[in-house]
S.K.: 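Below are the structure tokens for one structure; questions will follow.
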Number of protein chains: 2
Amino acid sequence: MTSKQEFIEKLRNSSLRPTKQRINICEVLFNRDKTFHFTINDLFNLIKDRTADKVSLATVYNTVHAFHKKGYLKEIPINSNQTYFDTNVTDHHHFFDVKEEKLIDLKNEDVGPIEIQKSIPGKKIKSVEVLVKLED
Amino acid sequence: MTSKQEFIEKLRNSSLRPTKQRINICEVLFNRDKTFHFTINDLFNLIKDRTADKVSLATVYNTVHAFHKKGYLKEIPINSNQTYFDTNVTDHHHFFDVKEEKLIDLKNEDVGPIEIQKSIPGKKIKSVEVLVKLED
DNA sequence: TTCGTTGTTTATAATTATTCTAAAGAAGAT
DNA sequence: ATCTTCTTTAGAATAATTATAAACAACGAA
């Protein structure tokens, strides 16, 4: 459980003003035991349900993008009409249950090391992501 | 080089009527040495340039979806506003040059074996895809 | 070949996720 | 308090994709 005060500091440290909208979004996103996978729409609805004061959709977009830029959220590469984000920003991978459209974390040790034995001149590797699609 | 006749047969065998639009699309897609990565829009423009008779955007969508369903095209999981497809439907992986928005094939042997040491009851693995993002 | 059926193409409208805009509001520094 | 700067917001704009329904083309049977 992270306190509101800690979110305020986290925001300040990132030169993001701690507005009540951002603090609300922090609480919905980061006050959790487990990793959280979501789309903007998921998040928007959760906020509507869970918090008294309302937050506009535009602000949810703005905030998620700001958090992503600051490295507090990770974008998950997946083919879907919506963009998925993850509160777990450590290096890790995913199962995607195609039928239920649900993501499940794979710990790094569940996948073992991935060796990329090819390189492109002038480019360096930014990230390596494994997506394991599941079917019934 | 695959002949028009072969495309016609391929289409017939897939219970897709060999229309002139579909044959044109086949020629643009499959008459190539190397694997081809594309978005619908890329393909639409290529067809406009390369073929005399014009094909509507809706038909390009329809046809790409039909080919994907039949397993002649593979959808590449990637975060982009547009959907990427690949004419290489074998099991393989990709580099994605984030700056240039370009995909590069990684042969399976360039990546080494990927061992998934976790399973979800009642589900089986459909595919394992690695996306390696590149930066400068 | 002709006819009827069924599948396909097409222009256009509709839908959906996302981004943009500009005005009002709130936070921070002085 | 006041000024500046950042943020929020509703709503408009954009862009990819999907749906619609009418015209058209392929196929099979007579």
Side-chain angles (χ1 to χ4, degrees), chain A residues 4-5 7-28 37-48 51-70 72-73 75-85 101, chain B residues 4-5 7-28 37-48 51-70 72-73 75-85 101:
Chain A
K4 184 180 275 196
Q5 197 50 47
F7 289 133
I8 292 177
E9 276 157 33
K10 186 178 177 169
L11 288 165
R12 277 227 181 77
N13 292 337
S14 320
S15 29
L16 296 171
R17 289 186 182 170
T19 63
K20 82 176 180 307
Q21 291 88 339
R22 282 172 177 166
I23 294 163
N24 278 332
I25 293 173
C26 278
E27 281 178 332
V28 171
H37 303 117
F38 65 96
T39 65
I40 298 281
N41 209 48
D42 293 338
L43 181 55
F44 181 61
N45 288 321
L46 268 179
I47 293 164
K48 260 203 302 223
T51 74
D53 19 50
K54 74 179 191 323
V55 178
S56 77
L57 183 60
T59 298
V60 178
Y61 271 99
N62 290 340
T63 305
V64 166
H65 288 151
F67 287 1
H68 179 234
K69 204 166 175 182
K70 294 293 178 185
Y72 304 143
L73 292 173
E75 199 178 341
I76 303 172
I78 205 176
N79 277 122
S80 168
N81 47 334
Q82 290 172 86
T83 305
Y84 278 80
F85 293 90
E101 291 210 316
Chain B
K4 184 180 276 198
Q5 197 50 48
F7 289 133
I8 292 178
E9 276 157 34
K10 186 177 177 170
L11 287 166
R12 279 228 179 77
N13 292 336
S14 320
S15 31
L16 296 171
R17 288 187 182 169
T19 62
K20 80 176 181 307
Q21 291 88 340
R22 282 175 176 163
I23 295 163
N24 278 333
I25 293 173
C26 278
E27 282 177 332
V28 172
H37 302 118
F38 65 94
T39 65
I40 298 281
N41 210 49
D42 293 339
L43 180 55
F44 181 62
N45 288 321
L46 267 179
I47 292 165
K48 261 203 304 222
T51 73
D53 20 49
K54 75 178 191 320
V55 178
S56 76
L57 182 59
T59 297
V60 177
Y61 271 98
N62 290 339
T63 304
V64 166
H65 288 151
F67 287 1
H68 179 234
K69 203 166 176 181
K70 294 291 178 186
Y72 304 144
L73 291 173
E75 198 178 342
I76 302 172
I78 206 176
N79 277 121
S80 168
N81 47 334
Q82 288 170 88
T83 305
Y84 279 80
F85 293 90
E101 291 209 316

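The chains referred to below are lettered A, B, ... by the order of the sequence lines, with proteins before strands, and numbering in each begins at 1. This is a predicted model, so every value here is computed, not measured.
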S.K.: Please report the closest heavy-atom contact between A:Phe44 and A:Val60, naming both atoms and the distance.
M.R.: CD1-CG2, 3.8 Å
S.K.: Tell me whether the side-chain N/O atoms of B:Tyr61 come closer than 4.0 Å to OP1 or OP2 in D:dT17.
M.R.: yes
S.K.: More 5' along DNA chain D: B:Asn41 or B:Arg17, using each one's nearest nucleotide?
M.R.: B:Asn41
S.K.: Within less than 4.0 Å of OP1 or OP2 of D:dA10, is there a side-chain N or O belonging to A:Lys54?
M.R.: yes
S.K.: Starting at atom CG of A:Asn24, determine the distance to atom P of D:dT7, rounded to an integer number of angstrom.
M.R.: 16 Å
S.K.: So, OP1 or OP2 of D:dC6: does either fall under 4.0 Å of a side-chain N or O from A:Arg22?
M.R.: no
S.K.: Does a side-chain heavy-atom distance below 4.5 Å link A:Phe85 with A:Asp42?
M.R.: no
S.K.: Expressed as a whole number of angstroms, how long is the span from A:Ile8:CD1 to C:dA27:P?
M.R.: 10 Å
S.K.: Can you measure A:Lys48 atom NZ to D:dT9 atom C1' for me and round it to whole angstrom units?
M.R.: 15 Å
S.K.: Looking only at side-chain atoms of A:Ile40, point me to the closest of D:dA16, C:dA11, C:dT18.
M.R.: C:dT18
S.K.: Considering only side-chain heavy atoms of B:Ser56, which listed nucleotide, C:dA17, C:dT9, D:dT9, is closest?
M.R.: C:dT9
S.K.: Considering just the side-chain nitrogens and oxygens of A:His65, establish if one lies under 4.0 Å of OP1 or OP2 belonging to C:dT19.
M.R.: yes
S.K.: Between atom CG in A:Leu57 and atom P in C:dT18, what is the gap in whole Å?
M.R.: 9 Å
S.K.: Quick check on D:dA25: is either OP1 or OP2 less than 4.0 Å from any side-chain nitrogen or oxygen of B:Gln21?
M.R.: no
S.K.: So does A:Thr83 get a side-chain nitrogen or oxygen closer than 4.0 Å to the phosphate oxygens (OP1/OP2) of C:dT18?
M.R.: yes
S.K.: Give the rounded distance in Å between these two atoms: CG of B:Asn62 and C1' of D:dT18.
M.R.: 9 Å
S.K.: Examine B:Lys10 relative to B:Phe67 and say whether NZ or CZ is less than 6.0 Å from the centre of the six-membered ring and inside a 45° cone about the ring axis.
M.R.: no
S.K.: Do you know the tightest heavy-atom contact between B:Leu16 and B:Ala66?
M.R.: CD2-CB, 4.3 Å
S.K.: Starting at atom CG of A:Asn81, determine the distance to atom P of D:dA19, rounded to an integer number of angstrom.
M.R.: 11 Å
S.K.: Can you check the A:Phe44 CZ to D:dT9 P distance for me, whole Å?
M.R.: 10 Å
S.K.: Tell me the interatomic distance from A:His68, atom NE2, to C:dT19, atom P, rounded to whole angstroms.
M.R.: 12 Å
S.K.: By nearest nucleotide on DNA chain D, pick out whichever of B:Ala58 and B:Pro18 is the more 5' one.
M.R.: B:Ala58
S.K.: Backbone N or O of A:Tyr61 within a donor-acceptor pair of the A:His65 side chain at under 3.5 Å?
M.R.: yes
S.K.: Any side-chain N or O of B:Thr59 below 4.0 angstrom from OP1/OP2 of C:dT8?
M.R.: no
